[in-house]
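What follows is one structure encoded as C-alpha cells, with my remarks underneath.
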Amino acid sequence: MTSIPVLEDLGDVAGRRVLVRTDFNVPLHDGEITDDFRIRAALPTITWLTERGAQVVCASHLGRPKGEANPKYSMDPVRARLAELAPGVELLENLRFDPGEERNDPAFAAKLVKGVDAYVDDAFGAAHRAHASIVGPPKTLPSAMGRLMQREVEVLLSLRDDPKHPFVAVLGGAKISDKLGVVEALLEVVDALVIGGAMCFTFLAAQGNPIGDSLFEPDQVDTCRRLLGLGKTIHLPEDIVGVDANGDYATFGTRLPDGAKGFDIGPGSAAAFSDVIMEARTVFWNGPMGMFEDERFAAGTRTVAQAMADTKAFTVVGGGDSAAALAQFGLDDDVDHVSTGGGASLELLELGDLPGLAALREAPNAH
Ligand code: 3PG
Ligand code: MG
C-alpha cells in the first residue's frame, strides 16, 4: 500500500503558500471559545511550516451552518485565538458557509487551491468526512498529513494492529446504534469490553432486566443479545444510580422499578470497572458513564477517568464527551493520548482507514 506523505515529503516549503486543513470546530459559548484544545493541537504543524518559511493559510469548518453564511458560526473568535498562538497565520472563513464543501463540489475545491502550492491535512477530527477541503486538494497539490494527524493515526492504528494485552475498551454514551460498527470491530481485538452510559440499559434489557423509564433503544435489544451471546467478556454495570418514580435520587441493582430512571453507573460498578482498567495494559475509552454534567451523576465517569489516569496501561481517550469529562476532572494530562476526533477516532478503529487518509495516499507526491 502506498504510504501517506508526511511534512518532510513536501520538499522545500520556503516562500510557498501552504493550505492547512485544520479541525478548529471548537466549543463556543456566547461567542467565546470554551476549549481551545483543537487549536493548540494544530500548532506543531503550523510552526513546522512557518519556521521553514512557508506562508500558512488555515481552513476549517465550525459547527453545521448548512451551506449558508451565518454570523453565529463565523471564524472570528477562532481567528483571534489563532493570532495569539501563531501570529501571521491566515485563516479562511468557515468552509461550510459554502454548500460546495459538504457536497464535495470540485468547483469549491478548485477555489480553495487557487494560488496555493501545497496542502497539509491536520484535521483529524474531520478526516471521516469526504468533503471538498479534505479530499479535493490532494488530487492536484503535493500533500501531506500534519503532525497531529500523524500521531492520531499511529496511536489509533496501533490499538487495532498490535495492542498490548489485556486490551480493554470502555464504552459509554447514549446510543449503541451509533457505535455498533466499532463495538463489533473492537470485540475482535479486545480482551474485555466495558459498557456504561445510557447504552447499558439496552444491554441490561437484553438480559431480561426491567429498566424502568431509563433511556434505551428498543430496536437494538436483539443486537445486544447477539453481542452478549458471542462468548466475549462484556462487563455490564451491577448497580445503577438515578431517580425513583418520585424523582428522588436513588441507587438500584440491575433491576429498576417502574418509573425509575438510571443516569449513572453505581459505586459497585464504578469500582469493578476501575479494577478492570487498572489490570489492563491497553485501554481505549469513549463515552461518559453517566450524565456527568449533573454532579449527582458524575461519580461513575469520574471514577473511570481517575482509573484511566492511575493505571499503568497505555491509555487512549476518544474525543468528544469523554475528552471533555477528562478535562473537567483535570485529568487530561494524565492519559497517554486524548484524541481530537470523536466520530473520526471511532471510524478509524472500526475501518482502519478514513476518506481523508485515502485522499492523501493518492496525492501526486505519494510513493
Ligand atoms: C467534530 O467535531 O466531530 C468534527 O469537527 C466533525 O464535525 P461534524 O461532525 O459536524 O462533521
Ligand atoms: Mg461530530
Side-chain angles (χ1 to χ4, degrees), residues 17-43 45-47 49-50 54-116 119-137 141 146 148-149 174 178 293 319-321 323-325 327-328 338-345 355-356 359:
R17 198 169 160 82
V18 181
L19 175 68
V20 182
R21 179 42 162 115
T22 49
D23 182 358
F24 290 163
N25 187 22
V26 292
L28 292 169
H29 186 75
D30 292 335
E32 302 271 335
I33 297 170
T34 55
D35 181 2
D36 66 358
F37 175 48
R38 282 178 163 176
I39 306 178
R40 286 181 287 110
L43 293 178
T45 296
I46 294 172
T47 314
L49 291 164
T50 53
Q55 189 191 341
V56 173
V57 187
C58 293
S60 176
H61 70 285
L62 178 64
R64 293 179 175 171
K66 304 198 157 71
E68 273 173 35
N70 178 344
K72 196 177 151 210
Y73 299 109
S74 145
M75 279 306 199
D76 288 350
V78 177
R79 192 173 293 111
R81 184 70 184 124
L82 183 64
E84 290 168 359
L85 296 168
V89 168
E90 264 179 70
L91 175 62
L92 302 183
E93 191 41 279
N94 194 335
L95 293 163
R96 291 187 186 170
F97 282 1
D98 194 305
E101 167 66 353
E102 289 177 79
R103 231 183 264 156
N104 188 15
D105 181 350
F108 183 59
K111 219 168 103 181
L112 287 174
V113 302
K114 198 159 176 261
V116 169
Y119 170 77
V120 171
D121 189 355
D122 216 19
F124 176 69
H128 58 319
R129 309 290 185 212
H131 293 170
S133 68
I134 294 162
V135 298
L141 292 177
L148 169 63
M149 182 79 94
D178 287 347
E293 309 80 28
D321 290 341
Q328 181 178 312
V338 182
S339 176
T340 51
S345 61

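Numbers for residues simply follow the sequence, beginning at 1.
- Closest approach of Phe124 to Ala344, counting heavy atoms only: O-CB, 3.2 Å.
- For the atom pair CG of Leu62 and CG of Leu91, the computed distance is 9.5 Å after rounding to the nearest 0.5 Å.
- When all heavy atoms of Val338 and Phe37 are compared, the closest pair comes out as O-CZ, 3.6 Å.
- Using modelled atom types, one side-chain atom of Glu93 and one backbone atom of Met75 make a donor-acceptor pair closer than 3.5 Å.
- No side-chain heavy atom of Val116 sits under 4.5 Å from any side-chain heavy atom of Val57.
- To the nearest 0.5 Å, atoms CZ (Arg81) and CD1 (Ile33) are separated by 7.5 Å.
- Closest approach of Ala132 to Gly100, counting heavy atoms only: CB-O, 3.6 Å.
- Checked by atom type and distance alone, the side chain of Glu101 pairs as donor or acceptor with a backbone atom of Ser133 at under 3.5 Å.
- Side chain of Asn94 to main chain of Tyr73: a donor-acceptor pair is present (N/O by atom type, distance under 3.5 Å, no hydrogens or angles).
- Remark: Glu102 CD to Lys66 NZ distance equals 8.0 Å, nearest 0.5 Å.
- Between the side chain of Thr340 and the backbone N or O of Arg38, no donor-acceptor pair lies under 3.5 Å.
- Looking at heavy atoms from C-beta onward, Asp35 lies in side-chain contact with Arg40 at the 4.5 angstrom threshold.
- Rounding to the nearest 0.5 Å places CZ of Arg21 at 9.5 Å from CG of Leu112.
- Judged by distance alone, with hydrogens and angles left aside, the side-chain atoms of Thr45 form no donor-acceptor pair with the main-chain N or O of Gly146 at under 3.5 Å.
- In this structure, Arg96 CZ and Arg64 CZ are separated by 6.5 Å, a value rounded to the nearest 0.5 Å.
- Here the side chains of Asp23 and His61 are in contact, with some heavy-atom distance below 4.5 Å.
- Summarising the geometry, atom CG belonging to Asp122 is positioned 4.5 Å from atom CG belonging to Leu148; distances are rounded to the nearest 0.5 Å.
- Shortest non-hydrogen contact noted between Ile134 and Ala126 is CD1-O, 3.2 Å.
- Without hydrogens or angle criteria, Thr34 side chain to His29 main chain gives no donor-acceptor distance under 3.5 Å.
- A 4.5 Å side-chain heavy-atom check between Glu90 and Gln55 finds at least one atom pair inside the cut-off.
- The number of heavy atoms from other shown groups lying within 6.0 Å of CD (Glu68) does not exceed 12.
- At a threshold of 4.5 Å between non-hydrogen side-chain atoms, the residues Asp105 and Asp98 do not count as touching.
- Ile46 and Val56 make their closest contact through O-CG2, 4.3 Å (heavy atoms, listed as atom of the first residue, atom of the second, distance).
- Pairing each heavy atom of Asn25 with each of Gly63, the nearest pair is OD1-N, 2.8 Å.
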